[in-house]
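To start, the structure under review is shown below, and the notes come after it.
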Amino acid sequence: MVKMSETETPPFRYTAALADEIELRWQAFWAEHGTFRAPNPVGELADPAHPRAGAPKLHVQDMFPYPSGAGLHVGHPLGYIGTDCYTRYQRQAGYNVLHPMGFDAFGLPAEQYAVQTGTHPAVTTAANVERYKKQLRRLGLAYDDRRSFSTTDPEYYRWTQWIFLQVFNSWFDPELRKARPISELIASFEAGERGAEWATLSPAERRKVIDDHRLAYVSEAPVNWCPGLGTVLANEEVTPDGRSERGNFPVFKRSLKQWMMRITAYGDRLVEDLDTLDWPEPVKLMQRNWIGRSKGAHVDFPVGGDGVITVFTTRPDTLFGATYMVLAPEHELVDAVVPAAWPEGTKQVWTGGHATPAEAVAAYRAEAAAKTDEERTADGKVKTGVFTGAYAENPVNGARVPVFIADYVLAGYGTGAIMAVPGQDERDWAFAEVFELPIIRTVAAPEGFEGAFTGEGPAINSDWLDGKGVAEAKAAMIEWLETNGKGRGATTYRLRDWLFSRQRYWGEPFPIVYDETGLPIALPDSMLPVELPDVDDFSPRTFDPEDADTEPETPLSRKKDWVQVELDLGDGPKTYTRETNTMPQWAGSCWYELRYLDPQNQQKMVDPANEAYWMGPRSEGDCGGVDLYVGGVEHAVLHLLYARFWHKVLFDLGHVSSFEPFRKLFNQGYIQAYAFQDDRGFYVPAEEVVERDGKYFYGSQEVTRSYGKMGKSLKNVVTPDEMCEQYGADTFRVYEMAMGPLDVSRPWETRAVVGSQRFLQRVWRLVVDEETGAVRVTDEPLDPKTRKTLHRIIAGVREDLDELRFNTAIAKLIELTNTLTPLPAVSREAVEPLVLMLSPFAPHLAEELWGKLGHAGTLAYVDFPVADPAQLVADSVTYPVQVNGKVRGRVEVSPDTAEADVRAAALEAVAEVLAGRDPKKVIVVKGRLVSVVV
RNA sequence: GCCCGGGUGGUGGAAUGGCAGACACGGCCGCCUUAAAAGCGGCUGCCUGACAAGGCGUGCGGGUUCGAGACCCGCCCCGGGCACCA
């Protein structure tokens with residue numbers, strides 16, 4: 001029996017099968033010819049003969065993926081396709097384009113899989129990377145294959161370790177506001193520039209002093225301990241409700257010895273340099289919020305005999321309104337200030353019903369400690385606290401102010417103590433109301449204003465500040481505090497130092513060993529990389545997720561023969577102990593944009609000439625960096641903040657010429673999908689659900705629809721592999737780009753993909769006779785009208801591509817195709833530009849058609865069409881004529897018609913509507929419309 | 001609570017203050033076909049209407065303007081971020 005569909009389909013139609021054949025052939029061609037290799041100025045990848053050698057450069061990069069075992073679904077490559085279209089266009093427009101792709105391959109899932117199966121994470125990771133590469137190649141993504149790497153490659157993490165050592169071997173000079181080599185600090189100590197004490201210290205004590213200045217340092221400090229994961233986490237990895245971002249386990253504050261990076265030293269620059277970046281405002285805002293810089297003053301309040309409570313305030317101008325103070329319950333001074341008995345005049349509400357201050361404080365502390373963060377913030381509007389029995393003295397006027405403890409003051413921010421100014425602070429106002437504390441306004445509030453006034457206004461009740469505006473009063477007060485030794489201007493940050501060690505196996509080992517002093521020693525560059533040793537047991541010790549009283553234990557610590565190592569570090573062979581923590585997953589992604597520039601360089605992380613070419617500043621004050629960095633908004637704080645920090649350290653030390661890693665950031669949207677559940681709540685395969693009358697059915701049973709992520713468990717995954725099989729990669733690419741703007745999230749709809757296939761089929765048919773396979777294109781010139789359309793579309797497509805508006809660019813190409821389709825002859829004059837303009841989106845099809853049009857080789861370096869300005873002026877203009885805002889007629893005139901003539905013609909066109917009424921006003925908008933008012 | 005985005009046909013989405021709904025999906029009709037699929041052509045915002053035509057339309061209410069989806073004021077809803085940060 002003959003399959004009808006096969007016999008009836010024209011033999012040379014652009015079908016999925018033909019697309020498959022064409023695509024695989026061109027992918028092989030590109031790979032074989034190294035078509036998308038970009039030449040470097042110097043080094044292994046230099047190529048003076050390359051068509052783009054020495055051309056203006058463009059460095060475009062995607063946030064590289066973690067190669068998961070599940071492979072890609074159709075949502076993952078959205079951004080990759082976007083940057084591929086953009087870079088293919090720019091390459092044709094004349095740029096030397098760097099568009100690399102790598103893999104962020106250290107991390108938890110590979111390790112967890114290894115724990116379950118006993119397979120080494122390196123094996124799983126390598127397999128997953130291969131799978132990803134295959135899937136990406138099948139989509140025709142034009143990467144420079146020589147520049148691909150995984151963060152897990154020893155040749156790569158050798159440089160991650162090298163950068164760690166750069167950080168370790170530096171300190172931040174607050175005067176110069178930059179990192180400097182630690183050797184310069186040591187020299188300064190030795191020269192006696194930093195006090196005489198140095199000379200009296202033992203060698204180990206000196207090392208401790210120096211270690212305390214390093215940008216990477218070990219500290220015993222409260223950290224986020226996650227027993228469920230068996231590791232500590234950075235602040236950025238803990239959700240606001242105190243759980244791990246990965247795994248959603250409880251996280252506890254524990255004091256532990258861990259590696260930290262002094263990112264806080266860069267707080268100012270990380271905030272200020274945001275202004276130089278072309279990033280989405282919301283992302284900048286999130287970084288500003290995370291860094292949380294506030295400027296103000298430290299003010300000293302004398303308490304008791306010679307005690308002092310130092311507070312941080314952003315409103316030193318309101319000091320005359322400070323009517324009480326609050327310490328965090330955990331504040332170290334609390335015990336010191338609490339007297340034996342309640343002083344004279346203690347109000348009943350202040351005591352919490354306790355007989356002595358000590359009892360009240362102890363009870364309140366116990367209460368506060370028992371509350372989780374959630375509970376503390378849940379009832380955040382009701383202020384609680386208790387009087388300590390102590391009074392402090394307001395340094396500006398000597399007023400006696402009671403000292404409270406309350407959990408609305410956080411131990412971890414500022415100094416853990418505040419001066420309370422209820423007149424100008426809403427929280428203080430609320431507290432003052434509960435505890436019947438006096439309220440003094442120090443900024444004039446508007447007539448009839450109730451509550452705390454936080455706005456602008458002249459100072460009042462403030463002695464010598466009276467009448468000054470807020471900004472002026474702040475400055476005056478800071479000056480007064482400094483002159484009188486009562487305080488000083490200060491800046492604080494919400495940002496904490498970055499916790500950099502993890503108790504995991506699958507991460508970069510630290511290039512650090514310890515000697516008998518227990519102090520860290522950096523390994524020399526010559527000993528890099530410190531390779532991750534093989535172990536039998538990959539898992540860190542994990543615990544009952546709720547059990548806070550547990551201790552981390554690293555997998556590497558069990559490998560005794562690796563931990564104890566004999567080395568000659570200059571003092572002859574000695575036994576050292578290796579650091580057994582590993583680096584967090586962020587380490588590898590903190591600098592990968594740099595390694596793409598010079599991936600094969602064995603001598604340097606990146607050759608300065610290559611860095612300067614691809615990422616260097618373009619003008620005085622320019623930050624430099626990747627020209628376009630595309631990825632999801634979920635990395636707004638973590639990855640992007642860490643990467644900026646490392647980049648700035650490398651800049652300070654002279655290793656790079658750019659002071660920001662990513663000049664322009666673009667957040668792509670997500671492709672999401674519908675999922676369907678039956679009445680038991682089980683997910684049913686989404687592709688088998690049919691819609692009838694606005695309801696959804698799986699077989700005969702009605703199911704409910706929800707919208708969200710694609711996932712195996714939701715049974716709604718669609719893969720690019722399936723799309724390539726059903727339609728071809730080019731159709732899939734065109735569909736993803738046509739379905740909406742790149743930065744907008746949208747639902748996946750497989751049945752709509754056919755629209756893109758039809759479009760490509762029409763283009764194919766313009767060139768190829770479906771019955772004979774012959775090329776139909778003629779050398780006949782275009783008719784003048786179509787020529788104008790062509791050039792209008794060329795101009796529009798270029799504009800759209802420059803702005804990453806791929807959806808509207810494709811709409812214009814469809815329009816052009818639909819214009820050409822019904823014409824009796826297919827003119828080369830129109831088809832060649834069409835093919836070239838289509839090539840960023842459907843590169844395989846375009847290459848194939850380009851060949852059929854008689855050109856040899858690839859079109860990747862053929863000039864992108866340019867519109868002829870002469871063709872962009874219209875022959876005639878149609879003016880719609882509005883009467884009172886409604887279109888009532890139209891006139892067609894030549895574009896150079898004088899305004900008066902347009903007006904006359906327009907009035908004539910709507911004469912019937914006007915019915916003799918006299919127009920009050922006639923507005924002629926040149927080239928647009930005519931508006932008549934009656 | 002505060003700060004960002006965003007609300008346009010059945011659906012995804014277009015529109016420098018100037019003809020709202022480009023382009024596509026879906027739907028309806030037609031051509032081709034014994035038939036179906038594919039392909040091709042037409043119609044498709046809503047309401048009234050046989051047609052012609054008219055009215056109404058960009059979350060809601062006001063405003064600016066000859067003219068507002070876009071600008072201003074006040075609300076509502078959805079998504080995201082932050083949340084006692086002194």
Side-chain angles (χ1 to χ4, degrees), chain A residues 4-5 8-10 13 15 240 280-286 288-290 292-294 296 311-315 318 326 328 373 376-377 379-381 383 406-410 412-421 424-428 430-431 492-495 633-634 636-637 667 691 694 734-735 738-741 743-759 761-762 765 770 805 807-815 817-818 821-822 878-890 919-934:
Chain A
M4 296 300 249
S5 59
E8 301 274 330
T9 303
R13 172 157 295 169
T15 59
E281 267 321 307
V283 176
K284 289 189 184 184
L285 194 66
M286 278 188 253
R288 278 193 199 102
N289 288 341
W290 186 264
R293 177 170 73 172
S294 33
V311 304
F312 175 72
T313 178
T314 56
R315 295 295 303 274
T318 64
V326 184
D373 281 358
R376 267 174 77 151
T377 50
D379 43 28
K381 291 288 163 282
K383 292 284 179 282
D407 65 4
Y408 84 92
V409 172
L410 309 172
Y413 184 77
T415 62
I418 62 159
M419 63 177 213
V421 187
Q424 270 74 234
D425 185 285
E426 279 160 21
R427 297 152 301 180
D428 296 346
F431 189 88
T492 62
Y493 304 87
R494 200 186 83 114
L495 181 70
V633 73
E634 71 272 17
V637 175
N667 292 126
E691 186 186 345
V734 169
Y735 175 63
M739 65 199 287
D743 55 352
V744 170
S745 293
R746 67 216 81 163
W748 178 260
E749 195 181 2
T750 296
R751 68 175 180 180
V753 178
V754 69
S756 300
Q757 188 183 32
R758 286 179 193 148
F759 162 50
Q761 282 174 337
R762 289 199 295 277
R765 208 155 31 228
E770 286 191 327
R805 293 191 303 247
N807 55 329
T808 49
I810 289 171
K812 289 180 175 77
L813 295 177
I814 295 173
E815 202 188 322
T817 305
N818 294 350
T821 298
T878 305
Y879 283 88
V881 186
Q882 290 184 347
V883 179
N884 287 346
K886 289 196 187 305
V887 179
R888 298 297 183 185
R890 50 196 81 227
K920 269 193 215 135
K921 204 167 174 183
V922 179
I923 297 148
V924 179
V925 185
K926 188 140 179 64
R928 284 291 174 184
L929 56 50
V930 182
S931 186
V932 182
V933 188
V934 296

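Numbered from 1 within each chain, the chains take letters A, B, ... in sequence-line order. None of these values were measured; they are calculated from a predicted model.
Applying the 3.5 Å distance criterion, the base of B:U16 shares a donor-acceptor pair with the side chain of A:Arg928. Side-chain N/O atoms of A:Lys920 and base N/O atoms of B:C66 include no donor-acceptor pair closer than 3.5 Å.
Comparing A:Pro880 and A:Gly755, the nucleotide of RNA chain B nearest to each residue sits closer to the 5' end for A:Pro880. If you find the closest nucleotide of RNA chain B to A:Pro282 and to A:Gly292, the one lying nearer the 5' end belongs to A:Pro282.
Residues A:Thr821 and A:Arg765 have side chains not in contact (no heavy-atom distance under 4.5 Å, counting atoms from C-beta outward). Annotation: side chain of A:Thr318 is in contact with side chain of A:Met419 (closest heavy-atom distance under 4.5 Å). Here the side chains of A:Tyr735 and A:Thr750 are not in contact, with every heavy-atom distance at 4.5 Å or above. A:Val421 has its side chain out of reach of A:Thr313: every pair of non-hydrogen atoms, C-beta onward, lies at least 4.5 Å apart.
Here A:Thr314 lies in heavy-atom contact (under 4.0 Å) with sugar-phosphate atoms only. Contact annotation for A:Ile923: base contact, defined as any heavy-atom pair under 4.0 Å involving a base atom. Nucleic acid contact class of A:Val933 (heavy atoms, under 4.0 Å, all strands): sugar-phosphate only. A:Ala752 comes within 4.0 angstrom of the backbone, heavy atoms only, and of no base. Within 4.0 Å (heavy atoms only), A:Leu929 reaches at least one base atom of the nucleic acid. Within 4.0 Å of A:Arg805, counting heavy atoms only, lies no atom of the nucleic acid at all. At the heavy-atom level, A:Arg494 lies under 4.0 Å from base atoms of the strands shown. Heavy atoms of A:Val744 sit under 4.0 angstrom from primed sugar atoms or phosphate atoms, though from no base atom. Heavy atoms of A:Ser745 sit under 4.0 angstrom from primed sugar atoms or phosphate atoms, though from no base atom.
The two residues A:Ala420 and A:Tyr408 come nearest to each other via the heavy atoms CB-OH, 4.4 Å. Among all heavy-atom pairs drawn from A:Val633 and A:Val283, the shortest one is CG2-CG2, 4.0 Å. Closest heavy-atom contact between A:Thr817 and A:Phe759: OG1-CE1, 3.3 Å.
Taking atom C1' on both nucleotides, B:C47 is separated from B:G9 by 14 Å, rounded to a whole Å. A gap of 16 Å separates the P atoms of B:U8 and B:A22, to the nearest Å. Taking atom P on both B:C28 and B:G13, the two are 24 Å apart, rounded to the nearest angstrom. Rounded to a whole angstrom, the distance from the C1' atom of B:G63 to that of B:G54 is 29 Å. Comparing B:G57 with B:A20, their C1' atoms sit 9 Å apart, to the nearest whole Å. For the C1' atoms, the distance linking B:C23 with B:C29 amounts to 22 Å, nearest Å. Straight-line distance between the P atoms of B:G41 and B:C32: roughly 15 Å, to the nearest whole Å. Between the C1' atoms of B:C84 and B:U16, the separation comes to 46 Å (whole Å).
Between A:Glu749 atom CD and B:U11 atom P the separation is 11 Å, expressed in whole Å. One atom, CZ of A:Phe759, and another, C1' of B:A24, lie 11 Å apart when rounded to the nearest Å. We find that CZ of A:Arg751 is positioned 18 Å from C1' of B:A38, with the value rounded to whole Å. Rounded to an integer number of Å, the gap from A:Met286 CE to B:C2 C1' is 15 Å. The distance from atom CZ of A:Phe312 to atom P of B:C84 is 17 Å, rounded to the nearest whole Å. Atom CH2 in A:Trp290 sits about 13 Å away from atom P in B:G81, given to the nearest Å. Separating the CD atom of A:Glu815 from the P atom of B:G13 is a distance of 20 Å, rounded to the nearest angstrom. In this structure, A:Asn818 places its CG atom 14 Å from P of B:G39, rounding to the nearest Å.
The side chain of A:Arg288 contributes no N or O atom lying less than 4.0 Å from OP1 or OP2 of B:C4. Taking side-chain N and O atoms only, A:Asn807 has a distance below 4.0 Å to OP1 or OP2 of B:A14. Regarding contacts with the backbone of B:C4, every side-chain N or O of A:Asn289 stays at 4.0 angstrom or more from both OP1 and OP2. In this model, the phosphate group of B:C40 is approached by a side-chain N or O of A:Arg765 to a distance below 4.0 Å at OP1 or OP2. Proximity of A:Arg758 to the phosphate of B:G39: a side-chain N or O atom is located under 4.0 Å from OP1 or OP2. The phosphate of B:A22 (OP1 or OP2) has no side-chain N or O of A:Thr808 nearer than 4.0 angstrom.
Remark: B:U58 base-pairs with no nucleotide; criterion is Watson-Crick or G-U wobble with both hydrogen-bond distances under 3.5 Å. For B:G5, the paired base is B:C78 (Watson-Crick or G-U wobble, both distances below 3.5 Å). Of all nucleotides present, only B:C29 satisfies the Watson-Crick or G-U wobble test against B:G41, with each distance under 3.5 Å. In this structure, B:C71 and B:G63 make a Watson-Crick or G-U wobble pair, each of the two defining distances being under 3.5 angstrom.
With B:G39, B:C84, B:G18 as the choices, the nucleotide that has an atom nearest any side-chain atom of A:Arg13 turns out to be B:G39. Side-chain proximity of A:Pro741 to B:C82, B:G18, B:G13: nearest is B:G13. Nearest to the side-chain atoms of A:Val754 among the listed nucleotides B:A86, B:A24, B:C25 stands B:C25. Of all nucleotides listed (B:G81, B:G39, B:A86), B:A86 comes nearest to the side chain of A:Ile418. Distances from the side chain of A:Ser931 to the nucleotides B:C19, B:G18, B:G13 place B:G18 closest. Listed nucleotides B:G12, B:A86, B:C19 differ in distance to A:Arg746; the shortest reach to its side chain belongs to B:G12.
In terms of modelled atom types and a separation under 3.5 Å, the side chain of A:Arg293 and the main chain of A:Leu495 share no donor-acceptor contact.
For the pair A:Lys383 and A:Phe431, the NZ or CZ position fails the cation-pi test of under 6.0 Å to the six-membered ring centre and within 45 degrees of the ring normal.
In B:G9 the O4'-C1'-N dihedral to the base is within 90° of 0, which defines a syn nucleotide.
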